Amino acid sequence: CAVAALAATATAAQATTAPTACVASYAFAGPNHASGLATAMTRLASELTDQGVKVTLLHAGPVRNGDVATWTSKFNSAGLQYINVLQRNGEQTAVAGSLAKVRSFRLFEWLAAHPTTCDVVHVHDYRGLGYMTLTAKAAGEASLQDVAVVVQAHGNTRMMHESNNVDHTTPEAMADEAMEAGSLAMADLVTAPTQWYMQWLTTQGLLPTSTSTRVVPNVLPAELEGLAAGACTGDNKAAPAKALAFFGRQTELKGLNVFLDAVEQLCPATGATCAASKILFVGPAATLSSGRRSTDVINERCQSFSVPCEIVSHLSSTTAALQLLVKERAVAVLPSLQEPAPSALVECALAGVPVIASNAGGLPEMLAATSADSYFEAGSVRALVVRAGEALASPCSFRASPAASRDDTSAMWASVHTEAAAINMASSAVSSVTTEAARAMPVTVAIIGNFDSDECLAEPLACTTAMSSVVDTVRSLAAQTQAVSEVLAVVPTSHVEAAHGLDAALSGFVSHRIVGSDGTDVAAFMNT
């Protein structure tokens, strides 16, 4: 059998712009109040647009601020096409039945009706928004076969409910969890912002080890860099902080009760003088496991503090929240009990806002090693009291640095986007992978054996011969004068055992990957 070696010599810019993108989410920054999910998905869309990718926003949630027409116009002016998939005949319709199921179906319905809009769909794991699309694709839905789906592991129903002491065995919660797990299992690629969260999903049985995964921090926006410039210069450098701020959604998971208990010790109504002149609560309100609103609980507890409290729960952007912290000369506190990767921590670090955080979950991965003093023991009121006292006295000593730079995260997301498209191409029938498709893959050279998996089953000897030809091609590439750094090899899934020799031949290249014609991770297969 003949073997085609297709040189992909497109520039980095061409490789980035080739696959178009749809970014699907329950919430986006602007149409919805500020939240970690809304911020992460909106920033990803903006980042891909800045890289030259044509991006469509698919909003599977209601617009809380303004209306659909207004946001369609605003996003269009920023180079983003905005679609609300809950709309019917220009009007946003009510969602009846299971919220997660209906929204997931509406997303699938739109994608199936617009098969050429997205080469890659980026969608969060929360409540299984991509589940219906992935199920239909796996079942052979023709309109979705050329669409790669990247599931961004942002937050999980089980973790949220358990950490907030909410029953996760209700029919809706269990269905949501099943859809989340199904999305992770069927995704072409799964990303998570920290290694800890990726490992947690695996140990919980929610992420199969066979799934292709990448740890990629959330996008860091340029507009936050240096937001607090001047706050630690001149006389300000040694000045104490004026406020202590709980920064995040007001839930048990985010450590609200730990924070309130710590402030009661730092700022008792009688006795010692409080080092802060104000206590801030910056972030969305929530309903607690007791059934009470977080704002009611906060106001009640604040009666026992010696300084006033201020609740700011309706800011429309992260920038506005950080500007408030700078204005108040506040130390931001993230006392989470369990946390995959809160954007607020690196946002504070990037902006130059003093910040302290618990060491729960993925938090310790998010700041540079030089910022180790910013952490305290999760769940420990005493540890928070000590660290908060230090930060209030010397806030400029608690300015942190993100573990990954903004340029690094941008490059990683560009790689994820193009890699997802390549994985989906490799999942197609080998004969359908054309020279043009190969050039869109994020590799220097793609080697595609000219064989069919069914034929390999019928005539294994012929298939073995074809595999030998692939190995010979790899060896010739290794011997040529012009250096080749990256190689992608596509082999018939029914004959992956023959890839052992291929793997050895590829070992000399800086980067190489072997995939089966159905998307099988051949390296993982050979290690089982």
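Values reported hereafter were calculated over all heavy atoms of this structure, with side chains retained and with hydrogens, waters and symmetry mates removed. Residue indices begin at 1 and follow the sequence shown. A quick note: this is a predicted structure, and the numbers were derived from the prediction, not measured.
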Starting at CZ of F108, measure out to OH of Y131 and round the result to the nearest 0.5 Å. 12.5 Å
Backbone N/O of G30 and side chain of N65: donor-acceptor pair under 3.5 Å: yes
Hey, are the side chains of W200 and L207 touching, using non-hydrogen atoms and a 4.5 Å cut-off? no
When you measure from the side chain of H417 to the backbone N and O of P19, does any donor-acceptor pair fall under 3.5 Å? yes
Carefully, step by step, assess L44 and Q152 under the rule side-chain contact (heavy atoms from CB on, under 4.5 Å). CA-CA 11 Å; L44 173 59; Q152 186 182 133; 3.7 Å; yes
Determine whether a donor-acceptor pair (N or O, by modelled atom type, separation under 3.5 Å) exists between the side chain of S371 and the backbone of A400. no
To check you understand the geometry: which heavy-atom pair defines the closest contact between P221 and L350, and what is its length? O-CD2, 3.3 Å
Nearest 0.5 Å, please: how far is CG in L58 from CD in Q81? 8.0 Å
Any side-chain to backbone donor/acceptor pair from T157 onto A173? Under 3.5 Å, distance only. no
Rounded to the nearest 0.5 Å, how far apart are CD of E365 and OG1 of T194? 4.5 Å
When you look at M186 and V151, which way does the side-chain contact (heavy atoms from CB on, under 4.5 Å) test go after all the steps? CA-CA 9 Å; M186 293 185 288; V151 175; over 6 Å; no
Without hydrogens or angle criteria, can the side chains of S183 and D125 be said to hold a donor-acceptor pair below 3.5 Å? no
Are any of the side-chain heavy atoms of T56 and I83 separated by less than 4.5 Å? yes
Can E347 and R43 be counted as an ion pair, charged N to O under 4.0 angstrom? yes
Over all heavy atoms of both residues, which pair between A24 and M41 is shortest? Give the atoms and the distance, please. O-CE, 3.5 Å
Donor-acceptor contact below 3.5 Å, side chain H59 vs main chain Y26: yes
Using a 4.5 Å cut-off on heavy atoms from C-beta on, say whether the side chain of V331 contacts that of F398. no
What's the shortest heavy-atom distance between A360 and S336, and which atoms? CB-O, 3.4 Å
Taking it one step at a time, do V150 and V121 satisfy side-chain contact (heavy atoms from CB on, under 4.5 Å)? CA-CA 6 Å; V150 178; V121 176; over 6 Å; no
Given salt bridge (charged side-chain N to carboxylate O under 4.0 Å, His left out), test D176 with K101 step by step and report yes or no. CA-CA 8 Å; D176 287 357; K101 288 181 181 178; over 6 Å; no
At what distance, to the nearest 0.5 angstrom, does CD of E141 lie from CE of M132? 13.5 Å
Criterion side-chain hydrogen bond (donor to acceptor under 3.5 Å, both in side chains) on D408 and S405, from CA distance to verdict: CA-CA 5 Å; D408 287 343; S405 71; 3.2 Å; yes
Is the backbone of V149 close enough, under 3.5 Å, to the side chain of D188 for a donor and an acceptor to pair up by distance? yes
Evaluate the side-chain proximity of T191 to M198: yes if any heavy-atom separation is below 4.5 Å, no if none is. no
Side chains of T20 and T117, heavy atoms from C-beta outward: is any pair under 4.5 Å? no
With distance as the sole test, does T49 use its side chain to make a donor-acceptor pair with the main-chain N or O of A45 at under 3.5 Å? yes
From CA spacing to verdict: side-chain hydrogen bond (donor to acceptor under 3.5 Å, both in side chains), S410, Q51: CA-CA 9 Å; S410 296; Q51 293 173 8; 4.9 Å; no
May I ask you to test the S313-P284 pair for a side-chain heavy-atom distance under 4.5 Å? no
Using modelled atom types and a 3.5 Å cut-off, is there a donor and acceptor pairing between side-chain atoms of Q145 and backbone atoms of K137? yes
Quick check: do V23 and V55 have side-chain heavy atoms less than 4.5 Å from each other? yes
N156 vs E180, test: side-chain hydrogen bond (donor to acceptor under 3.5 Å, both in side chains). Steps then yes/no. CA-CA 7 Å; N156 176 270; E180 289 168 349; 3.2 Å; yes
Report yes or no: does T418 contribute a side-chain atom to a donor-acceptor pair with the main-chain N or O of S415 at less than 3.5 Å? yes
Might you work through the side-chain hydrogen bond (donor to acceptor under 3.5 Å, both in side chains) test for N236 and T233, ending with a clear yes or no? CA-CA 5 Å; N236 289 331; T233 58; 5.0 Å; no
L334 and K254: side-chain contact (heavy atoms from CB on, under 4.5 Å), yes or no, with the steps? CA-CA 7 Å; L334 282 74; K254 297 290 186 179; over 6 Å; no
M366 and A341: which non-hydrogen atoms are nearest, and at how many Å? SD-CA, 3.6 Å
Separation of L325 CG from L280 CG (nearest 0.5 Å): 7.0 Å
Is the distance between the ring centroids of F281 and F247 less than 6.0 Å? no
Distance-only side-chain donor-acceptor flag, D67 / T70, under 3.5 Å: yes
Lys NZ or Arg CZ of R387 over Y375 ring: under 6.0 Å, within 45°: no
R406 and E225 ion-paired at < 4.0 Å: yes
In Å, rounded to the nearest 0.5 Å, how long is the span from OG1 of T409 to CG of L220? 4.5 Å
A332 and C348: which non-hydrogen atoms are nearest, and at how many Å? CB-SG, 3.8 Å
Identify the heavy atoms of A21 and C118 that sit nearest to each other, and give their distance. C-CB, 4.4 Å
Could you label the plane-to-plane angle of the H114 and W110 rings as parallel, tilted or perpendicular, counting under 30° as parallel and over 60° as perpendicular? parallel
Modelled atom types, side-chain donor and acceptor of Q195 and Q199, under 3.5 Å: no
So does A27 get a backbone contact from the side chain of S25, meaning a donor-acceptor N/O pair under 3.5 Å? yes
Verdict with supporting geometry, Y126 and H154, ring pair (Phe, Tyr, Trp, His ring centres under 6.0 Å): CA-CA 7 Å; Y126 180 57; H154 179 89; 8.3 Å; no
How about L111 and V147: do any of their side-chain heavy atoms sit closer than 4.5 Å? no
